[in-house]
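In what follows, chains are A, B, ... by sequence order, proteins preceding strands, each numbered from 1.
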Number of protein chains: 2
Amino acid sequence: MKPTIYDVAREAGVSIATVSKVINRTGKISEKTRERVAAVMEGMGYAPNLVATALSSKKTFMIGLLLPDISNPYFAELARNIEDRAHELSYNIVICNTDNHVDKEREYLTFLQQKGVDGILLATGLAHPESLGLVTDRQLPITVIAREVPRTPVNTVLVDDFMGGFLATSHLLELGHREIAIIVESMDLESSRQRLKGYRAALEEHNCAFHAERVAVSDFTVASGMEIAGGILDAPDRPTAVFACNDLLAIGTIQAARSRGIPVPGELSVVGFDNTFLCGIIDPALTTVGQPIRELGRQAVDLLHKQMSGEEPARQRVVLLPELVVRASTQPPLERTSAVK
Amino acid sequence: MKPTIYDVAREAGVSIATVSKVINRTGKISEKTRERVAAVMEGMGYAPNLVATALSSKKTFMIGLLLPDISNPYFAELARNIEDRAHELSYNIVICNTDNHVDKEREYLTFLQQKGVDGILLATGLAHPESLGLVTDRQLPITVIAREVPRTPVNTVLVDDFMGGFLATSHLLELGHREIAIIVESMDLESSRQRLKGYRAALEEHNCAFHAERVAVSDFTVASGMEIAGGILDAPDRPTAVFACNDLLAIGTIQAARSRGIPVPGELSVVGFDNTFLCGIIDPALTTVGQPIRELGRQAVDLLHKQMSGEEPARQRVVLLPELVVRASTQPPLERTSAVK
DNA sequence: TTGAAAGCGCTAACAA
DNA sequence: TTGTTAGCGCTTTCAA
C-alpha cells in the first residue's frame with residue numbers, strides 16, 4: 001500500500017498537520033523537524049495523493065480543453081502549445097473532441113465540472129452561446145480561443161480574422177487579381193464571417209465589385225475543400241484566384257486544380273489561412289495568413305491561469321494580429337500580365 | 001454553493017446513503033423513494049462531485065496518454081481514436097507530450113499516478129525500460145502502444161513493423177529497384193529496428209545485397225528527413241528508391257528530390273510508413289505502409305480497460321497487421337525500363 | 001513551533 | 001428497504 005500522510009507522521013514522530021506543512025511549505029516549521037520529516041518522506045517513497053488534496057483544497061490542477069478535432073493539424077498545434085504552457089504552470093490538460101457538436105460540448109462541459117477541473121479552454125464551436133451558461137453560471141474560469149462569442153462577456157484570445165481576410169485578399173488584389181473567390185468554413189462561425197468581411201473590405205478598397213456568387217461555403221476538411229473548389233473551377237467564369245479560409249481547404253483547392261490540369265499558381269493563385277506546417281509540405285508551397293498559434297495557446301493559458309488564481313482580471317479580449325506569409329501559390333494573373341505587355 | 005449529497009438527503013428526507021444508492025443504482029431502493037430522490041436531485045440541479053467519488057472509490061475515470069508530440073499527425077490521429085474509445089467507456093484522456101525525453105516521461109508518470117489516473121497509455125519512447133517500473137511497481141494498469149519494450153512483460157498493442165518494412169521493400173524490389181536506401185527514425189526504437197530487419201529480409205529474399213551505407217538515421221520531422229535525404233541524393237551512387245520509415249520523412253525526401261530537380265517517381269520512388277492523411281495531400285500521393293491506426297487506438301483502450309476493470313487479462317501482445325497502400329510515388333526504375341527495351 | 005480536530009463530499013459495511 | 005457511521009487522504013483553523 002502506498003504510504004499516506006499518517007504513515008509519515010507516525011514514522012517521523014510528528015502530527016499530520018506538521019507533515020502537511022512541510023509538504024506545502026506553509027506555516028512555521030523548525031528547520032530541524034522539516035528536515036527530519038523530509039527525510040522520512042524520502043525514505044518511505046511518499047508522494048501526496050492529489051485526489052485527496054483536490055478534495056480538501058478544491059484545486060485539481062486540471063484544465064479541460066474543448067476542441068473540434070485533435071487530428072486537425074491546426075488544433076493539434078494549438079493543443080501542443082497549450083499543453084506546453086499548462087505544463088510549465090503544472091496543470092494537466094484533458095482533451096475533449098467535440099466535432100463541433102453541441103451535444104458533445106455540453107456533455108463534456110458538465111462532466112468536466114463534476115470532475116472538478118480548475119478551468120476550461122474553449123476552442124470549439126458552441127453555436128449556442130447559452131451552453132456557455134453551463135460554465136459561467138458555476139463561476140468556473142473559462143477562456144475562449146480563436147472563437148468570438150458575440151454579446152457574451154467572456155475572456156477571449158483570438159486572431160484578428162477581419163484583418164486576416166483583408167490581408168489575404170489585398171495580397172491577391174495587389175498582384176492584379178480581380179476575380180477572386182472565397183471559400184469559408186461555415187457561416188455559423190464568427191471567425192468565418194469576419195474573414196469574409198475582411199475580404200469584402202479589401203475588394204472595396206481596391207474598387208473591385210463584390211459578387212455573392214464568389215462566396216462558397218464548405219467545412220474544414222480537405223475533401224470538402226476539393227469538392228467546393230471543384231464547383232468553382234468548373235464554372236464558366238472561373239476566378240483567377242481563391243482565398244480559402246483555412247489551409248486544409250486551400251489544399252483541397254490545389255488538388256481540385258491539379259486534377260483539372262489547372263496549374264497553380266500559373267492559372268490559379270491560392271491563399272490559405274492558419275499557416276499550419278502543411279503549407280511547407282505541399283507543392284506549391286502555400287501562401288497563407290499566419291496565425292500566431294503559439295502565442296494564442298500561451299496567452300489563453302495565461303489568461304485562464306489568472307482567473308484560476310483568483311485574480312479575476314477584467315474581462316478582456318486579447319486580439320493577436322495575423323500576418324501574411326507569402327510562398328509559392330500566388331502570382332499575378334496570366335491574363336493581366338499579357339494584357340499589360 | 002453547489003448542492004452536496006447532504007443537501008439532497010435533507011431535502012428528500014432520507015439519509016445520504018440512500019441518495020448515494022440512487023445515484024449509483026446500487027443496493028435495494030423502493031421505486032417510490034428512488035423517484036422522490038431523483039426528483040429532488042433534478043430540482044436542485046445536483047451533480048455528484050467526482051473528486052469526492054474518486055477519493056472514496058479510488059477511481060478517477062482518467063487515463064494518462066503519453067506521446068512524443070501531439071502536433072505530429074500520426075500521434076494526433078492516434079490520440080483522436082483513443083479519446084473516442086475512452087469517451088465511449090466514459091473515461092477522460094490527459095495528454096502528455098514527452099518529446100521522447102526520458103525526464104519528461106518520468107515526471108509525467110509519477111505525476112499522473114499522484115493524480116490517481118486509473119491507467120496509462122504509453123505511446124512514447126521510454127528508452128530506459130526501468131522507467132516502466134515506476135508504473136508496474138505501483139500496480140497501475142498500463143498498455144504500451146506501437147512500441148515494443150523488449151524483455152518486459154507488459155500489455156502491448158502494436159503493428160508488425162517487420163512485416164511493414166518487408167512489404168515496403170518488397171514492393172520496391174518487385175517494381176525492379178535494386179538500389180534502395182532506407183531512412184529510419186532512430187535506432188533506439190525497437191520499431192525502427194524491426195522495420196530495418198524487414199527491409200533486410202526483403203532484400204535477401206530477392207537476392208539483393210544489403211549495403212550498410214544505404215541505411216541512414218534521421219528523426220521524425222520533415223526537416224530532418226529532407227536533410228538526410230539530401231545527403232543520400234547528392235551521393236554519387238544515388239539510389240533509385242527510398243523507403244522512409246514514416247510519412248514525414250518520406251515527405252522530406254520528396255522535397256529534397258524536388259529541390260534537386262529529381263522527379264518523383266520518375267527518377268526516384270519513395271515509400272513512407274503510417275498512412276497519415278498527409279499521403280493524400282502531397283504530390284505525388286505517397287505510397288506507404290498503412291497502420292490500422294484506428295484499431296490501434298481502440299484496442300489499446302480496450303486492453304487497458306480490462307486491466308482497469310480488474311480482469312487482469314493474461315499479459316499479451318496484440319499485433320495488428322499493416323498493409324501496403326500503393327499510390328503515385330512509386331514506379332519501376334527508369335534504367336531498368338530502358339535496359340529491358 | 002506543533003498538534004487536535006473538524007471538515008472536503010462521497011462510498012460501503014453493517015445495523016436496524 | 002433505509003440509516004448510521006467509519007473511512008478515503010489531505011488542508012486548515014484554532015489552541016496549546
Side-chain angles (χ1 to χ4, degrees), chain A residues 1-38 40-41 44-62 110-111 113-118 138-139 310, chain B residues 1-38 40-41 44-62 110-111 113-118 138-139 310:
Chain A
M1 217 43 211
K2 276 192 275 193
T4 73
I5 200 171
Y6 284 93
D7 300 317
V8 175
R10 191 180 333 104
E11 191 82 4
V14 295
S15 74
I16 60 166
T18 302
V19 178
S20 175
K21 280 167 197 158
V22 343
I23 293 171
N24 303 300
R25 310 175 190 295
T26 55
K28 300 258 160 253
I29 294 288
S30 77
E31 186 54 23
K32 224 174 120 181
T33 54
R34 219 200 64 72
E35 274 171 15
R36 180 155 39 90
V37 173
V40 171
M41 294 197 301
M44 303 182 83
Y46 168 80
N49 174 329
L50 266 16
V51 176
T53 305
L55 181 58
S56 56
S57 70
K58 302 192 166 320
K59 284 219 55 169
T60 56
F61 280 93
M62 296 265 190
T110 43
F111 216 56
Q113 297 200 55
Q114 287 188 242
K115 290 231 174 166
V117 296
D118 297 333
R138 305 266 188 165
Q139 322 269 40
Chain B
M1 217 45 213
K2 275 193 276 193
T4 73
I5 200 172
Y6 283 93
D7 301 315
V8 175
R10 190 179 333 105
E11 191 83 3
V14 296
S15 74
I16 59 165
T18 303
V19 177
S20 174
K21 281 167 196 158
V22 343
I23 293 171
N24 302 301
R25 309 174 191 294
T26 56
K28 299 259 161 252
I29 295 290
S30 76
E31 186 54 24
K32 224 174 121 181
T33 53
R34 220 199 64 72
E35 275 171 15
R36 180 155 40 88
V37 173
V40 171
M41 295 198 299
M44 303 181 82
Y46 169 81
N49 175 328
L50 265 18
V51 176
T53 305
L55 180 59
S56 56
S57 71
K58 303 195 165 316
K59 283 219 56 170
T60 56
F61 280 93
M62 297 266 189
T110 44
F111 217 57
Q113 297 200 58
Q114 286 188 242
K115 290 231 175 167
V117 297
D118 297 333
R138 305 266 188 165
Q139 321 269 41

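Shown here are the salt bridge (Lys or Arg N to Asp or Glu O under 4.0 Å) partners of B/Asp118, two or more places apart in sequence or in another chain: there are none.
Here chain A contacts DNA chain C (any atom closer than 4.0 Å to a heavy atom, that is under 4.0 Å), and the contacts span C/dT1 to C/dG9 from 5' to 3'. On the nucleic acid side, DNA chain D has its first and last nucleotide under 4.0 Å of a heavy atom of chain B at D/dT1 to D/dG9, going 5' to 3'.
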**OP:** Could you go through the side-chain contact (heavy atoms from CB on, under 4.5 Å) check for B/Val8 and B/Ile23 one step at a time?
**Re:** CA-CA 11 Å; B/Val8 175; B/Ile23 293 171; over 6 Å; no
**OP:** Assess whether side-chain contact (heavy atoms from CB on, under 4.5 Å) is satisfied between B/Asp7 and B/Met1, documenting all intermediate values.
**Re:** CA-CA 11 Å; B/Asp7 301 315; B/Met1 217 45 213; over 6 Å; no
Subject >> Pair A/Lys21-A/Arg34, side-chain contact (heavy atoms from CB on, under 4.5 Å): steps then yes or no >> reply: CA-CA 9 Å; A/Lys21 280 167 197 158; A/Arg34 219 200 64 72; over 6 Å; no
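The heavy-atom pair separating A/Ala12 from A/Val40 by the smallest distance is CB-CG2, 3.8 Å. Nearest heavy atoms, B/Ala9 versus B/Ser15: CB-C, 3.8 Å. In terms of heavy-atom proximity, B/Arg36 sits nearest to B/Val14 at NH1-CG1, 4.0 Å.
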Without placing hydrogens or testing angles, list every side-chain donor-acceptor pair under 3.5 Å for residues 44-55 of chain B, not counting sequence neighbours.
residue: B/Asn49; atom: OD1; partner: B/Val51; partner atom: N; Å: 2.7
residue: B/Asn49; atom: OD1; partner: B/Ala52; partner atom: N; Å: 3.1
residue: B/Thr53; atom: OG1; partner: B/Asn49; partner atom: O; Å: 3.1

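With rounding to the nearest 0.5 Å, the separation of CZ in A/Arg10 from OG1 in A/Thr4 is 7.0 Å. Here NZ of B/Lys2 is found 6.0 Å from CD of A/Gln113. Values are rounded to the nearest 0.5 Å.
Contacts of residues 49-56 of chain A with DNA chain D (heavy atom under 4.0 Å): A/Asn49, A/Ala52, A/Thr53, A/Ser56.
Because its NZ or CZ atom is not both nearer than 6.0 Å to the ring centre of B/Phe111 and within 45° of the ring axis, B/Lys115 does not count as a cation-pi partner of that residue.
For the helix from C/dT1-D/dA16 to C/dA16-D/dT1, the terminal axes (five pairs an end, C1' atoms, rotation from four pairs onto the next four) enclose an angle of 40°, given to 10 degrees.
The neighbour count for B/Glu31 CD, taken as heavy atoms of other residues, nucleotides or ligands under 6.0 Å away, is above 12.
Among the heavy atoms of the strands lying under 4.0 Å from A/Lys21 is at least one base atom, whether or not backbone atoms are also near. Within 4.0 Å (heavy atoms only), A/Thr33 reaches sugar-phosphate atoms of the nucleic acid but no base atom. Nucleic acid contact for A/Ser30: sugar-phosphate only, since backbone atoms but no base atoms lie under 4.0 Å from a heavy atom of the residue.
Remark on DNA chain D: of its neighbouring residues B/Ala17 and A/Ile23, the 5'-side contact belongs to B/Ala17, judged by nearest-heavy-atom nucleotide.
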